[in-house]
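Structure first, then comments.
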Amino acid sequence: DERRAQLLAAALEVFTAAGYHSAAMDEIADRAGVSKPVLYQHFPSKLDLYLAVLDTHIDSLVFAIQRAIQSTPDNAKRVQATIGAYFDFIEAEGEAFRLLFESDMSVEPQVRDRLNRMTYDCAVAVSAVISLDTGLPKDESMILAIGLIGCAQITARHWLEKDVKMNRAQASAPVAQATQNGALDDRSLAANMLSQAQRMEVEAKGMIAEAARMKKDAERMDPRVVAS
């Protein structure tokens with residue numbers, strides 16, 4: 001509801017500015033314009049409030065990635081959209097992005113579980129498309145997806161932290177292009193893997209044929225050679 005959203009917004013500001021351990025429920029209540037008892041009616045503890053803030057923005061980011069992946073059937077544009085989703089999230093919710101990726105609470109089990117779930121859910125959305133489009137097995141598709149997600153996260157964080165003098169389009173475009181042209185291009189990788197497998201099959205057949213020829217030569221030279 002509106003009151004809950006108001007409290008979560010105030011908590012995000014305080015947690016981002018002060019960090020979890022230095023943030024005070026009194027300050028959050030003041031920032032939200034409510035009494036401390038009202039804050040505790042909604043969230044029994046500071047950890048409960050922190051986790052609620054995390055859940056809200058994790059859901060937002062995961063939805064953005066899923067929407068980006070589903071936005072087009074073109075693989076190159078999917079990569080651009082996925083990279084762009086992280087940069088868009090930063091532009092719209094820079095404080096939330098810092099909370100998700102620079103939290104001083106990442107060692108807290110409940111927080112870590114949520115952050116791991118966020119990465120997993122984003123990667124699942126990407127890997128499903130990779131597997132469907134390339135025919136790669138589930139594990140290989142997931143590795144590619146994790147790579148793409150990790151690349152997007154790290155570059156977007158750099159853009160946010162270093163205050164790079166580039167706008168969102170300028171910053172995300174070369175990252176998407178490099179990803180498309182590199183090892184994370186799922187079609188290229190699938191084609192390379194298939195080509196390698198075909199070459200190995202040809203080489204194996206050649207080795208079998210060569211072994212059979214050598215065996216026949218040995219039998220002609222020495223009739224005592226017995227076929228195995």
Side-chain angles (χ1 to χ4, degrees), residues 12 15-16 53-107 111-134 136-193:
L12 174 62
F15 283 136
T16 304
V53 174
L54 274 185
D55 287 340
T56 297
H57 296 289
I58 285 173
D59 291 344
S60 178
L61 179 57
V62 170
F63 177 73
I65 297 302
Q66 292 172 338
R67 183 174 56 190
I69 289 296
Q70 297 168 3
S71 65
T72 172
D74 183 271
N75 278 342
K77 291 181 180 179
R78 279 180 177 143
V79 172
Q80 294 172 359
T82 301
I83 299 292
Y86 279 91
F87 284 83
D88 288 342
F89 188 81
I90 281 181
E91 271 197 329
E93 304 185 55
E95 289 183 332
F97 195 87
R98 286 189 172 94
L99 191 72
L100 295 179
F101 296 104
E102 300 172 13
S103 172
D104 61 352
M105 282 286 285
S106 59
V107 296
V111 174
R112 185 173 63 248
D113 288 346
R114 281 166 166 78
L115 297 179
N116 289 342
R117 176 179 62 81
M118 173 187 67
T119 300
Y120 178 80
D121 287 349
C122 290
V124 165
V126 177
S127 67
V129 173
I130 292 175
S131 181
L132 181 63
D133 287 353
T134 66
L136 286 174
K138 179 180 177 180
D139 288 344
E140 283 85 344
S141 297
M142 193 64 173
I143 288 294
L144 285 176
I146 291 291
L148 175 58
I149 294 300
C151 178
Q153 288 181 2
I154 292 171
T155 52
R157 286 174 64 184
H158 175 80
W159 183 60
L160 174 66
E161 295 168 0
K162 304 302 181 182
D163 193 26
V164 178
K165 304 303 180 183
M166 302 171 68
N167 62 35
R168 176 254 189 237
Q170 292 171 327
S172 62
V175 178
Q177 187 62 47
T179 302
Q180 292 166 23
N181 294 338
L184 297 181
D185 184 331
D186 49 311
R187 285 196 182 279
S188 294
L189 182 62
N192 288 338
M193 291 179 69

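The structure presented is a predicted model; accordingly, all values stated were derived computationally and were not measured.
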Rounded distance [0.5 Å steps], CD1 in Ile149 versus CE in Met142: 9.0 Å
Sub-4.5 Å side-chain heavy-atom contact between Ile146 and Tyr120: no
Reported CD-to-CG distance for the pair Glu93 and Asp88, which is rounded to 0.5 angstrom: 11.0 Å
Any side-chain heavy-atom pair of Leu99 and Met105 under 4.5 Å: no
Donor-acceptor under 3.5 Å (Arg78 side chain, Thr72 main chain): yes
Nearest heavy-atom neighbours spanning Gln153 and Phe97: O-CZ, 4.1 Å
Heavy-atom side-chain contact between Arg157 and Ile90 under 4.5 Å: no
Side-chain donor or acceptor of Ser131 paired with backbone N/O of Ala128 under 3.5 Å: no
Non-hydrogen atoms of Tyr86 and Ala152 that approach each other most closely: CD1-CB, 3.3 Å
Arg117 and Asp55 ion-paired at < 4.0 Å: yes
Non-hydrogen atoms of Ala81 and Ala68 that approach each other most closely: O-CB, 3.4 Å
Residue pair Leu115 / Ser106: nearest heavy atoms and the distance that separates them: CD1-CB, 4.3 Å
Nearest-0.5 Å distance, CG of residue Leu148 to CD1 of residue Ile143: 13.0 Å
Heavy-atom pair of closest approach, residues Thr16 and Glu95: OG1-O, 3.5 Å
Considering all heavy atoms, the nearest Ile65-Thr82 contact: CD1-O, 4.0 Å
Between CG on residue Asp121 and CD1 on residue Ile58, distance to nearest 0.5 Å: 9.0 Å
Distance in Å, Leu12 CG paired with Leu54 CG, rounded so as to fall on 0.5 Å steps: 9.5 Å
